[in-house]
Enquirer: 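First, the structure itself, so that you have it in front of you.
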Amino acid sequence: MKIKTAVFPVAGFGTRMLPATKAIPKEMITLIDKPLIQYAVEEAIDSGIERIIFITGRTKKALEDHFDINVELNNTLLESGNLEMLEEIKKISEMVNLVYVRQKRMLGLGDAILCVKDIVNDDPFVVILPDDIILSDVPVVSQLMTQFEEYGFPIVSTMKVKEEDTSKYGIVKFKECINDRLSLLDSLVEKPKTNSPSTNAIIGRYVITSSVMKALEEINVGCNNELQLTDALNLVAARESVYGYEFEGKRFDCGTRSGLLEATINFAYKRSDLKEDLVKIIKELPNN
Ligand code: G1P
């Protein structure tokens, strides 16, 4: 079955990036010249997604404005003859069909995903956590969708992390290797404090099916007293099947200062209009 919907949980406060996030949503922090959310939305669109559902909260008006039409700005750009930027700005508001849902309580990722239950019905969809920005040849959402079309079960994207970092992530345990990148999962655990089952961490791209939605209604709160998507997937792994897919690409945790800095440098290095300047700036850095 072809996936048409992507769900973006964007209700979180972004306390890790204060004071930047005091008055703007963390997803509106810029990576060079675009807000983080736009990279993630473009990944979805480039993967063939037709509808995006934002699960937002009280403080997220700027997000809605960013994807809305700004008539005054369009007119100003038109009058000044800046047609290239006009096209780019118009693309943002015309890119995709957007739906907004409010998450009223901050009860975790699982609770956020449950907010879209009545909108997605029983259809599968992808979940994108926009803190995780990924540089790749093929968009990671598209990589997951290709696997889903063949196997039809929920999939989490994974990557290897350092042993000492396992407590920051959902961690998977493999049961059976299907191909180079895809494995059937034995179990999943959210942020294990000790005895992590592996160093394969869940990254913020998922394919979610109706059985996961059902499991979300059955589980209790887990890690951090929140309803965890990882716990629902673990239940589905025990009952049916869940796959882990080691994506092709480099991921940056833009929810942290050093991750955002690393992303900024890597993305600038990839851009023909900035690469030369970046190299020069770095070469000219003082030694102390
Ligand atoms: C969430 C998930 C976690 C996953 C991580 C990836 O955690 O709950 O399983 O490993 O995203 O970024 P968060 O970072 O939102 O606490």
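Positions are given from 1 along the sequence.
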Enquirer: More than 12 non-hydrogen atoms from neighbouring residues, nucleotides or ligands closer than 6.0 Å to NZ on Lys173, yes or no?
Expert: no
Enquirer: Check this for me, if you would: do Lys168 and Asp165 make a salt bridge, where the nitrogen-to-carboxylate-oxygen distance has to be below 4.0 angstrom?
Expert: yes
Enquirer: Quick check against the 3.5 Å criterion: does Thr158 have a side-chain atom that pairs as donor or acceptor with the backbone of Ala201?
Expert: no
Enquirer: Looking at Ile49, is its backbone amide N or carbonyl O close enough to the side chain of Ser47 to form a donor-acceptor pair, meaning the two atoms are under 3.5 Å apart?
Expert: no
Enquirer: Any chance you could measure Met85, atom CE, to Leu78, atom CG, to the nearest 0.5 Å?
Expert: 14.5 Å
Enquirer: Would you say the side chain of Thr264 lies within less than 4.5 Å of the side chain of Ile32, judging by non-hydrogen atoms?
Expert: yes
Enquirer: How many angstroms lie between atom OG of Ser210 and atom CG of Asp123, to the nearest 0.5 angstrom?
Expert: 8.5 Å
Enquirer: Apply side-chain contact (heavy atoms from CB on, under 4.5 Å) to Glu226 and Leu109, showing your working.
Expert: CA-CA 8 Å; Glu226 293 178 338; Leu109 181 56; over 6 Å; no
Enquirer: Mind listing the closest non-hydrogen atom pair of Ala232 and Ile219 along with its distance?
Expert: N-CD1, 3.8 Å
Enquirer: Spell out, as yes or no, whether a donor-acceptor pair under 3.5 Å connects the side chain of Gln143 to the backbone of Val138.
Expert: yes
Enquirer: Please round to the nearest 0.5 Å and tell me the distance separating atom CD of Glu27 and atom CG of Leu36.
Expert: 8.0 Å
Enquirer: Same cluster for Ile37 and Ile113 if Ile/Leu/Val/Met/Phe/Trp/Tyr side chains link at under 4.5 Å?
Expert: no
Enquirer: Is there a side-chain contact between Pro154 and Leu233, using heavy atoms and a 4.5 Å cut-off?
Expert: yes
Enquirer: When you check the gap from the basic side-chain N to the acidic O, do Glu246 and Lys160 get nearer than 4.0 Å?
Expert: no
Enquirer: Are the side chains of Lys175 and Leu185 in contact, using a 4.5 Å heavy-atom criterion?
Expert: no
Enquirer: Is any NZ, NE, NH1 or NH2 atom of the basic residue among Arg271 and Asp33 found under 4.0 Å from an Asp or Glu carboxylate oxygen of the other?
Expert: yes
Enquirer: Inspect the surroundings of CG in Asn121 and state if more than 12 heavy atoms from other residues, nucleotides or ligands are less than 6.0 Å away.
Expert: yes
Enquirer: Taking 4.0 angstrom as the limit, do Glu262 and Arg251 come out as a salt bridge?
Expert: no
Enquirer: Report, as yes or no, whether the 6.0 Å neighbourhood of atom CG on Asn225 holds more than 12 heavy atoms from other residues, nucleotides or ligands.
Expert: no
Enquirer: Just by distance, do the side chain of Ser196 and the backbone of Ser198 share a donor-acceptor pair under 3.5 Å?
Expert: yes
Enquirer: Can a donor-acceptor pair be found, under 3.5 Å and without considering hydrogens, that links the side chain of Asn234 to the backbone of Leu188?
Expert: yes
Enquirer: Atom NZ of residue position Lys4 - does it have more than 12 heavy atoms of other residues, nucleotides or ligands inside 6.0 Å?
Expert: no
Enquirer: Show, in sequence, the C-alpha distance, side-chain angles and deciding distance for Arg239 and Glu218, and conclude whether the salt bridge (charged side-chain N to carboxylate O under 4.0 Å, His left out) test is met.
Expert: CA-CA 13 Å; Arg239 282 181 186 159; Glu218 294 174 56; 2.4 Å; yes
Enquirer: Start with the C-alpha gap between Phe174 and Val172, add the side-chain angles, then the distance that decides, and say whether side-chain contact (heavy atoms from CB on, under 4.5 Å) holds.
Expert: CA-CA 6 Å; Phe174 293 151; Val172 303; 3.7 Å; yes
Enquirer: Indicate yes or no: at least one non-hydrogen side-chain atom of Glu248 is less than 4.5 angstrom from one of Arg181.
Expert: yes
Enquirer: Test salt bridge (charged side-chain N to carboxylate O under 4.0 Å, His left out) on Lys26 and Asp131; report intermediate values, then the result.
Expert: CA-CA 8 Å; Lys26 63 175 173 158; Asp131 278 0; 3.1 Å; yes
Enquirer: Hydrophobic cluster membership, with links at side-chain heavy-atom distances under 4.5 Å among I/L/V/M/F/W/Y: are Val140 and Val41 in one?
Expert: yes
Enquirer: Are Ser211 and Glu240 packed together at the side-chain level, in the sense that at least one heavy-atom pair is separated by less than 4.5 angstrom?
Expert: yes
Enquirer: Determine whether Tyr269 and Leu274 make a side-chain contact, defined as any pair of heavy atoms from C-beta on separated by less than 4.5 Å.
Expert: no
Enquirer: Do the side chain of Glu43 and the main chain of Val141 share a donor and acceptor less than 3.5 angstrom apart?
Expert: yes
Enquirer: Heavy-atom count check: over 12 atoms from other residues, nucleotides or ligands less than 6.0 Å from Glu276 CD?
Expert: no
Enquirer: Between Phe8 and Ile52, does a side-chain contact (heavy atoms from CB on, under 4.5 Å) hold up when you go through it step by step?
Expert: CA-CA 7 Å; Phe8 287 67; Ile52 284 176; 3.6 Å; yes
Enquirer: Check step by step if side-chain contact (heavy atoms from CB on, under 4.5 Å) holds for Leu86 and Asn82.
Expert: CA-CA 6 Å; Leu86 177 63; Asn82 195 347; over 6 Å; no
Enquirer: Answer yes or no: is there an ion pair linking Lys280 with Glu284, defined by an N-O contact shorter than 4.0 Å?
Expert: yes
Enquirer: Check the angle between the aromatic planes of Phe267 and Tyr39 and answer parallel, tilted or perpendicular using the 30° and 60° thresholds.
Expert: perpendicular
Enquirer: Distance from Arg257 atom CZ to Arg16 atom CZ, nearest 0.5 Å?
Expert: 10.0 Å
Enquirer: How long is the straight-line distance from OH of Tyr243 back to CG of Leu182, given to the nearest 0.5 Å?
Expert: 6.5 Å
Enquirer: Can you tell me which residue among Leu129, Leu229, Val156 is in a side chain to side chain contact (heavy atoms under 4.5 Å, CB included) with Ile202?
Expert: Val156
Enquirer: Are Pro35 and Ile29 side-chain neighbours, meaning at least one heavy-atom pair lies under 4.5 Å?
Expert: no
Enquirer: Is any NZ, NE, NH1 or NH2 atom of the basic residue among Asp132 and Arg205 found under 4.0 Å from an Asp or Glu carboxylate oxygen of the other?
Expert: no
Enquirer: Using a 3.5 Å distance criterion without hydrogens, assess whether the side chain of Gln228 forms a donor-acceptor pair with backbone atoms of Thr230.
Expert: no
Enquirer: Please determine whether the number of non-hydrogen atoms from other residues, nucleotides or ligands lying under 6.0 Å from atom CD of Glu164 exceeds 12.
Expert: yes
Enquirer: Quick one: CD1 on Ile203 to CE on Met159, what's the gap to the nearest 0.5 Å?
Expert: 4.0 Å
Enquirer: Do Ile45 and Val7 belong to the same hydrophobic cluster, where Ile, Leu, Val, Met, Phe, Trp and Tyr are linked whenever their side-chain heavy atoms lie under 4.5 Å apart, directly or via other members?
Expert: no
Enquirer: Flag yes if more than 12 heavy atoms outside Asn195 fall under 6.0 Å of its CG atom; otherwise flag no.
Expert: no
Enquirer: Looking at Glu64 and Lys60, does any basic side-chain N land under 4.0 Å from a carboxylate oxygen?
Expert: no
Enquirer: Are Ile178 and Tyr151 side-chain neighbours, meaning at least one heavy-atom pair lies under 4.5 Å?
Expert: yes
Enquirer: Would you find a donor on one side and an acceptor on the other, under 3.5 Å apart, between the side chain of Arg102 and the backbone of Thr56?
Expert: no
Enquirer: Step through it carefully: locate the ring centre of Phe67, locate the ring centre of Phe54, and say whether they are under 6.0 Å apart.
Expert: yes
